[in-house]
Asker: 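Got a structure for you, written out below as structure tokens; questions coming shortly.
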Amino acid sequence: MIPTVAQEVTYAADASARGTSELPERERAKADARQPQKGAKRPRKPADKRKNLEIFFFVSPALLLIAVFMLVPIIQAVRFSVYNWKGFGPLVDFVGLKNYVRVLGNEVFTDALVHNLIIIGGSIALQLPIGLGIALLLNRKMKVQSLLRTIIFVPYVLSEVIAGVVWFQLLQPQYGVIDTIMNKLGIDGPAQGWLGTPELALWTVLAVLTWKYLGLAVILFLAGLQGVPSELYEAAEIDGASWWQIQRKITIPLLGPTLRTWGFLSMIGSLQLFDMVWILTGGGPANATTTMATFLVSEGTKRQNFGIAAAASVILFVVALVLAISYQQFILKRDTQPDDERPKQKKVKA
């Protein structure tokens, strides 16, 4: 017997009154037919295929460049690292992991790793407060604001070779500009020069690096300060907050993503440091300024130990990768998490 419309309405009203979601068999069958079955694949539309082709078309040149200039060199470096190879002839003297053992057991390389870590910590410790202070100063309205920004950013746009040669001349003992000024003031400089004294060479290089890359920190911090709403400053001033309280409670927290991004760039750049050290000291004196990059270049070009150099480059890559992933996981993760997944701060009772 086919139910009438009045019967269906009465049945639905009774089901609603009972608090259930029962429907007539015919309506339930229609609803089930409209719902997709579990595990069933959604048929691709021609528009989706066209969109995927467009994405592949625009991304493929970048992927090709990455494969040629990144993946292939990495694979070749791993391949060379397991051979005792002098740079000429076929790869026939297979030594396995002995090159890695030699590199890790080399005191010069372990010292170079420590030097890289010192430069990472020193760069962040020096450039962060100085760069943030200059950025806060330049963020205020003043007549020579643009000129000061340009002066501070100029060292960063100079090539490392030019900057290195200039500072090499400035730091020369006796006739260098810095020693000449110190002598005029009655202060004697190091007898072997700033770059020739093992105890001072690394810190001198760090000072030059701070001068060179401080402009990048200032520009990034200034860009981050532009995103801080001025209404927050006005509200804080109305509430009677001091300048230091405003910076500590408003500016620095809102500038956090910019600070963490700059810290990541500074860390990776310090691990890859080569050109400035190579020009200023060549890794000397007595390997006091050797970095992992200068070590592998010296092994490859001066001693013709390309297997050792390749192993050192692979170790450098692994160290940089581990530090980058760790930084991403523990420091940058909070900037990429959705707001609902971020850990909530505990409320402090008054």
Side-chain angles (χ1 to χ4, degrees), residues 108 111-138 148-222 259 262-295 297:
V108 176
D111 290 343
L113 176 59
V114 174
H115 295 160
N116 279 110
L117 297 178
I118 291 175
I119 291 172
I120 292 175
S123 298
I124 295 177
L126 289 175
Q127 296 179 34
L128 178 58
I130 298 175
L132 185 58
I134 295 175
L136 292 174
L137 178 64
L138 295 180
L148 291 177
R149 290 183 180 184
T150 303
I151 293 174
I152 292 173
F153 193 66
V154 163
Y156 177 71
V157 299
L158 290 176
S159 69
E160 280 73 8
V161 175
I162 295 176
V165 171
V166 169
W167 276 101
F168 181 81
Q169 297 297 329
L170 293 175
L171 293 169
Q172 287 297 309
Q174 297 180 356
Y175 65 85
V177 174
I178 294 179
D179 276 15
T180 301
I181 296 175
M182 292 179 64
N183 291 333
K184 294 292 184 180
L185 298 175
I187 303 174
D188 295 331
Q192 298 178 349
W194 297 94
L195 298 174
T197 305
E199 293 79 11
L200 298 176
L202 183 62
W203 305 108
T204 304
V205 171
L206 181 60
V208 175
L209 292 173
T210 301
W211 170 86
K212 177 72 172 64
Y213 296 103
L214 183 63
L216 175 63
V218 173
I219 292 299
L220 289 178
F221 297 163
L222 280 173
L259 296 176
W262 167 82
F264 179 79
L265 297 175
S266 179
M267 180 187 68
I268 297 300
S270 299
L271 284 174
Q272 299 174 346
L273 181 62
F274 166 73
D275 36 22
M276 187 66 73
V277 175
W278 193 257
I279 294 170
L280 290 175
T281 63
N287 298 316
T289 59
T290 302
T291 63
M292 289 186 285
T294 59
F295 173 84
V297 171

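As a basis for the values below, the full set of heavy atoms in this structure was taken, side chains included, without hydrogen atoms, waters or symmetry mates.
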Asker: Atom CH2 in Trp203, atom OG1 in Thr210: separation rounded to 0.5 Å?
Answerer: 10.5 Å

Asker: Taking Thr289 for its side chain and Gly283 for its backbone only, find out whether a donor-acceptor pair lies under 3.5 Å.
Answerer: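 The answer is yes, because a donor-acceptor pair under 3.5 Å joins these two groups.
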
Asker: What pair of heavy atoms forms the shortest contact from Asp179 to Gln174, and how long is it?
Answerer: OD2-N, 3.4 Å

Asker: Heavy atoms only: give me the nearest Thr291-Leu273 pair and the separation to one decimal.
Answerer: OG1-O, 3.0 Å

Asker: Using a 3.5 Å distance criterion without hydrogens, assess whether the side chain of Gln169 forms a donor-acceptor pair with backbone atoms of Val165.
Answerer: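 Checking the backbone N and O of Val165 against the side chain of Gln169, no donor-acceptor pair under 3.5 Å is found.
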
Asker: Taking the side chain as everything from C-beta on, heavy atoms only, tell me whether Leu137 gets closer than 4.5 Å to Leu148.
Answerer: no

Asker: Measure the spacing between CE of Met292 and CG of Leu117 and express it to the nearest 0.5 Å.
Answerer: 7.0 Å

Asker: What pair of heavy atoms forms the shortest contact from Ile279 to Val161, and how long is it?
Answerer: CD1-CA, 3.3 Å

Asker: Answer whether the closest heavy-atom distance between the side chains of Leu220 and Leu265 falls below 4.5 Å.
Answerer: yes

Asker: Please check if the side chain of Asn116 supplies one atom and the backbone of Ser270 the other of a donor-acceptor pair under 3.5 Å.
Answerer: yes

Asker: Listed by chain and number, what are the side-chain contact (heavy atoms from CB on, under 4.5 Å) partners of Val108, not counting sequence neighbours?
Answerer: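 Only Asn106, Asn287, Thr290, Phe295 meet the side-chain contact (heavy atoms from CB on, under 4.5 Å) criterion with Val108.
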
Asker: Ignoring hydrogens, what is the shortest heavy-atom contact between Ile124 and Trp262? Give both atom names and the distance.
Answerer: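 Result for this residue pair: CA-CH2, 3.8 Å.
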
Asker: Side-chain contact, heavy-atom cut-off 4.5 Å: Phe221 with Leu259?
Answerer: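 SC-SC contact between Phe221 and Leu259 confirmed.
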
Asker: Is the shortest side-chain heavy-atom distance between Val208 and Leu171 below 4.5 Å?
Answerer: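 Touching, per the 4.5 Å side-chain cut-off.
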
Asker: Would Ser266 and Ser123 count as having a side-chain donor-acceptor pair, cut-off 3.5 Å?
Answerer: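 Distance-only check fails for Ser266 and Ser123.
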
Asker: Hey, does Leu126 have a side-chain heavy atom less than 4.5 Å from the side chain of Trp211?
Answerer: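 With C-beta onward as the side chain, the pair stays apart.
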
Asker: Side chains of Ile134 and Leu214, heavy atoms from C-beta outward: is any pair under 4.5 Å?
Answerer: yes

Asker: At their closest point, which heavy atom of Gly215 faces which heavy atom of Phe153, and how far apart are they?
Answerer: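 Looking at all heavy atoms of both residues, the closest pair is O-CD1, 3.6 Å.
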
Asker: What is the minimum heavy-atom distance between Pro190 and Thr197, and which atoms define it?
Answerer: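 Where Pro190 meets Thr197 most closely, the heavy atoms are CB-OG1, 3.7 Å.
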
Asker: At what distance, to the nearest 0.5 angstrom, does CD1 of Ile130 lie from CD1 of Ile152?
Answerer: 11.0 Å

Asker: NE2 of His115 to CG of Leu206: how many Å apart, nearest 0.5 Å?
Answerer: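 Separation between the atoms: 12.0 Å.
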
Asker: Measuring only between side-chain heavy atoms, which start at C-beta, is Ile119 closer than 4.5 Å to Leu202?
Answerer: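 Ile119 reaches Leu202 side chain to side chain.
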
Asker: Kindly compute the distance separating CD (Glu160) from CG (Leu209), expressed to the nearest 0.5 Å.
Answerer: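 So the gap between those two atoms works out to 9.5 Å.
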
